[in-house]
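Beneath this line is the structure, given in structure tokens, with notes to follow.
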Amino acid sequence: MKAFYATVEIEGFTFAFVVADGKVIRAKFLTKESDEAFAEEIEREGIKAERNPFALQHLVRLLQSYASGGRIALEKVPVFMNGSSHDVKVYKAIRRLTFGHTATYGEIARIVGSSARAVGRALARNRVPLFIPCHRVIRSDGTLGGFTPSVEIKKLLLKLEGFSL
DNA sequence: GAGTCATTTCCAC
DNA sequence: GTGGAAATGACTC
């Protein structure tokens with residue numbers, strides 16, 4: 001598969017994403033690893049990704065304005081969802097959450113007919129964070145819950161969307 | 001199967 | 001109201 005990748009700085013974190021066939025197939029906040037390491041990780045999955053911010057400049061701009069506080073509907077960007085049918089149901093439910101809205105794990109669970117615990121597991125495996133806005137899913141007691149790789153990122157993203165934490 | 005979770009809910013204090 | 005335990009369901013090994 002032929003794919004392109006690019007990175008964007010969001011609030012001091014590097015966000016890398018891979019696009020193939022006009023869809024985002026993989027995204028990740030890089031905490032420790034370099035973007036080269038990210039490219040290698042992608043390649044191990046059988047995807048040859050070439051760094052080409054120019055080809056992806058539309059998305060790069062979108063992310064940059066999101067990073068500077070713009071109301072960008074990232075959940076509208078086409079993504080490739082892989083995972084079990086349960087995972088995909090969870091992802092679809094979450095993509096209905098628009099900018100500035102949140103839901104609890106339990107609410108998502110009721111929509112897809114599973115349990116809060118299972119929703120958390122599905123989100124932990126989310127391959128396209130931000131585009132599937134898993135940071136908008138919080139715990140019912142008002143605390144954040146978890147985030148991979150770091151809740152600090154979840155906190156930042158929610159702050160970007162206007163929540164005071 | 002047993003063990004692992006990015007949770008929730010219920011029931012004693 | 002708080003704290004702990006049980007229920008929970010999908011997943012991995």
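None of the values given here were measured: they were computed from a predicted structure.
For the pair A:E50 and A:K2, the salt-bridge criterion is met [side-chain N within less than 4.0 Å of a carboxylate O]. Between A:R44 and A:E41 no salt bridge is recorded (no basic side-chain N to carboxylate O distance below 4.0 Å). Ion pairing between a basic and an acidic side chain is recognised when a charged N comes within 4.0 Å of a carboxylate O; A:R26 and A:E45 show such pairing.
Stem analysis of DNA chain C (at least three stacked-register Watson-Crick or G-U pairs, each with both distances under 3.5 Å) gives B:1-5 with C:9-13, B:7-13 with C:1-7.
OP1 or OP2 of B:dT8 sits under 4.0 Å from a side-chain N or O of A:S140. Taking only side-chain nitrogens and oxygens, A:R117 never comes nearer than 4.0 Å to OP1 or OP2 of B:dC5.
Straight-line distance from the CZ atom of A:R139 to the P atom of C:dT8: 18 Å, rounded to whole Å. Separating the CD atom of A:E152 from the P atom of B:dA6 is a distance of 17 Å, rounded to the nearest angstrom. Distance OH (A:Y105) to P (B:dT9): 14 Å, rounded to an integer number of Å. One atom, CZ of A:R121, and another, P of B:dA6, lie 6 Å apart when rounded to the nearest Å. Between A:F147 atom CZ and B:dC5 atom P the separation is 18 Å, expressed in whole Å. As rounded to whole Å, 17 Å separates atom P of B:dA6 from atom CD1 of A:I108. The distance between atom CG of A:D141 and atom P of B:dA6, rounded to the nearest whole Å, is 15 Å. The separation between A:H86 atom NE2 and B:dT7 atom C1' is 12 Å, rounded to whole Å.
Using cut-offs of 30° and 60° on the angle between ring planes, the pair A:F15 and A:F29 is tilted.
The P atoms of B:dA2 and C:dA7 are separated by 16 Å, rounded to the nearest whole Å.
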Step by step, work out the side chain to side chain donor-acceptor pair (under 3.5 Å) result for A:Y66 and A:E161.
CA-CA 9 Å; A:Y66 177 83; A:E161 300 195 7; 2.6 Å; yes
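Candidate nucleotides B:dT9, B:dA6, C:dG9 were compared by shortest atom distance to the side chain of A:R110, and B:dT9 ranks first. Distance from the side chain of A:L123 is smallest for B:dA6 among the nucleotides B:dA6, B:dT8, C:dA10. Of the candidates B:dC5, B:dT8, C:dA10, C:dA10 carries the atom nearest the A:A118 side chain, counting heavy atoms from C-beta on.
At a threshold of 4.0 angstrom between heavy atoms, the contacts of A:D87 are confined to the sugar-phosphate backbone, with no base atom among them. Within 4.0 Å (heavy atoms only), A:T148 reaches at least one base atom of the nucleic acid.
Among residues two or more places apart in sequence or in another chain, the salt bridge (charged side-chain N to carboxylate O under 4.0 Å, His left out) test is passed with A:D141 by A:R139.
Between the side chain of A:K89 and the main chain of A:I111, no donor-acceptor pair closer than 3.5 Å is present.
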